[in-house]
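See below for the structure under consideration.
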Amino acid sequence: MEISTMFEMLISGYGVSLQIFFVTLVGAAILGVPVALGRLSRFKPLSWLMAIYISLMRGTPLMLQMFAVFFVPYYVFGIVTGPSFMMVAVLIAFVINYAAYFAEIYRSGIQSMPRGQYEAAEVLGYSRSQTFFRIILPQVVKRILPAMGNEIVTLVKDTSLAFSIGVAEMFTTGRALVASQRTMMPFAIAAAIYWVTCLIIEWLLRRAEKKLSYYHD
């Protein structure tokens with residue numbers, strides 16, 4: 001098989017990897033906000049519940065969580081799921097897993113802000129919502145960007161775990177090609193694609209950091 005043909009097949013799998021990546025990134029970034037706020041809540045039962053959720057998601061393997069989401073409907077509720085549920089299970093597991101990591105990053109960023117900034121805003125007549133969105137949030141975004149960047153780059157590589165429940169993303173395609181063609185070239189091409197993707201993300205994050213450089217700690 002020609003390298004160009006291998007590349008085309010891997011790019012097809014790469015499309016699935018990108019779908020997992022973008023859905024997870026958007027879903028986890030949004031879900032992480034209420035989780036972080038719940039973790040910071042003064043209502044202790046809610047705070048403890050969010051702490052348990054974060055600990056469970058961060059303390060167990062993502063692959064195990066995918067298996068749980070995929071098999072629980074049948075073994076617990078008796079619901080028969082077809083092959084189409086594989087992708088749904090992957091997306092659910094990825095979102096709830098990464099939401100826990102993002103929530104902790106959000107929480108640490110919010111808690112790192114000096115109390116004096118809230119007090120100064122109050123003196124100037126800002127409401128709590130104005131203080132958060134106009135003063136605190138832009139600085140929090142700057143502070144958490146490097147940590148978020150690390151998780152986003154990790155997410156690119158973690159998409160390869162989807163193979164464990166049969167989703168044909170790029171790594172699955174590469175593995176099938178290696179087995180059928182008896183050459184490591186598909187893995188080399190896949191590695192290059194992952195690497196270039198991470199380089200692009202890192203470049204975008206550096207640009208974002210420069211745009212936020214006017215917020216000084």
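Remember, predicted model here, so these are calculated numbers, not experimental data.
Atom OG1 of residue Thr197 and atom CG of residue Leu155 lie 11.5 Å apart, to the nearest 0.5 angstrom. Of the inter-residue distances, the one linking Leu25 atom CG with Leu18 atom CG reads 11.5 Å to the nearest 0.5 angstrom. Between atom OH of residue Tyr194 and atom NZ of residue Lys157 there is a gap of 11.0 Å, rounded to the nearest 0.5 Å. Atom-to-atom distance recorded for Ile105:CD1 and Met148:CE is 5.5 Å, nearest 0.5 angstrom. If you take CE on Met50 and CG on Leu40, they are separated by 12.0 Å, rounding to the nearest 0.5 Å. A distance of 10.5 Å separates OG in Ser164 from CZ in Phe171, rounded to the nearest 0.5 Å.
With contacts defined as side-chain heavy-atom distances shorter than 4.5 Å, the pair Thr173/Met170 does not qualify. Between Phe7 and Ile193 there is a side-chain heavy-atom pair separated by less than 4.5 Å. With contacts defined as side-chain heavy-atom distances shorter than 4.5 Å, the pair Met87/Val16 qualifies. In this structure the side chain of Gln65 never reaches within 4.5 angstrom of the side chain of Phe94, judged on heavy atoms.
Scanning both residues, Ile201 and Val156, for their nearest heavy atoms gives CD1-CG2, 3.3 Å. Ala68 and Pro73 get closest at one heavy-atom pair: O-CD, 4.4 Å. The nearest pair of heavy atoms linking Tyr53 to Ile96 is OH-O, 2.6 Å. Contact record, Met86 with Phe70: CG-CE1, 3.7 Å, taken as the closest heavy-atom pair. In terms of heavy-atom proximity, Ile144 sits nearest to Tyr106 at CD1-CD2, 3.7 Å. Pairing each heavy atom of Leu177 with each of Pro186, the nearest pair is CB-CG, 3.6 Å.
By the side-chain hydrogen bond (donor to acceptor under 3.5 Å, both in side chains) test, Tyr98 pairs with Asp158, sequence neighbours left out. With sequence neighbours excluded, the residues forming a salt bridge (charged side-chain N to carboxylate O under 4.0 Å, His left out) with Arg107 are Glu104, listed by chain and number.
Remark: the Thr154 side chain and the Glu151 side chain contain no N/O donor-acceptor pair separated by less than 3.5 Å.
By the 6.0 Å contact criterion, CE on Met63 is enclosed, its count of non-hydrogen atoms from other residues, nucleotides or ligands being greater than 12.
Side-chain atoms of Glu169 come within 3.5 Å of backbone N or O of Thr172 as a donor-acceptor pair. In this structure, the side chain of Ser47 engages the main chain of Arg39 through a donor-acceptor pair within 3.5 Å. Side-chain atoms of Glu209 never come within 3.5 Å of backbone atoms of Pro146 as a donor-acceptor pair (strictly under, hydrogens ignored).
Using a 4.5 Å cut-off between side-chain heavy atoms of Ile, Leu, Val, Met, Phe, Trp and Tyr, with links allowed through other members, Met66 and Tyr101 fall into different hydrophobic clusters. In the hydrophobic clustering of this structure, Val95 does not group with Ile30; members are Ile, Leu, Val, Met, Phe, Trp, Tyr whose side-chain heavy atoms approach within less than 4.5 Å, directly or through other members. Hydrophobic cluster membership differs between Ile165 and Val72, with clusters built from Ile, Leu, Val, Met, Phe, Trp and Tyr side chains linked at under 4.5 angstrom. Under the 4.5 Å side-chain contact rule for hydrophobic residues, Phe102 and Val33 share a cluster. Both Ile189 and Met184 belong to a single network of hydrophobic side chains, linked directly or stepwise wherever heavy atoms of I, L, V, M, F, W or Y lie under 4.5 Å apart.
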### Task
Take Glu202 and Leu199 through the test side chain to side chain contact (heavy atoms under 4.5 Å, CB included) and record every step on the way to the result.
CA-CA 5 Å; Glu202 290 168 0; Leu199 287 176; 3.9 Å; yes
### Task
I would like to know whether Met6 and Thr183 meet side chain to side chain contact (heavy atoms under 4.5 Å, CB included); could you show each step before the answer?
CA-CA 11 Å; Met6 291 183 185; Thr183 173; 3.8 Å; yes
#### Entry: Audit row: Thr159, Thr24, side chain to side chain contact (heavy atoms under 4.5 Å, CB included) steps and yes/no
CA-CA 10 Å; Thr159 57; Thr24 302; over 6 Å; no
### Task
Quick one: do Leu205 and Leu145 satisfy side chain to side chain contact (heavy atoms under 4.5 Å, CB included)? Show the steps, please.
CA-CA 8 Å; Leu205 288 168; Leu145 203 54; 4.1 Å; yes
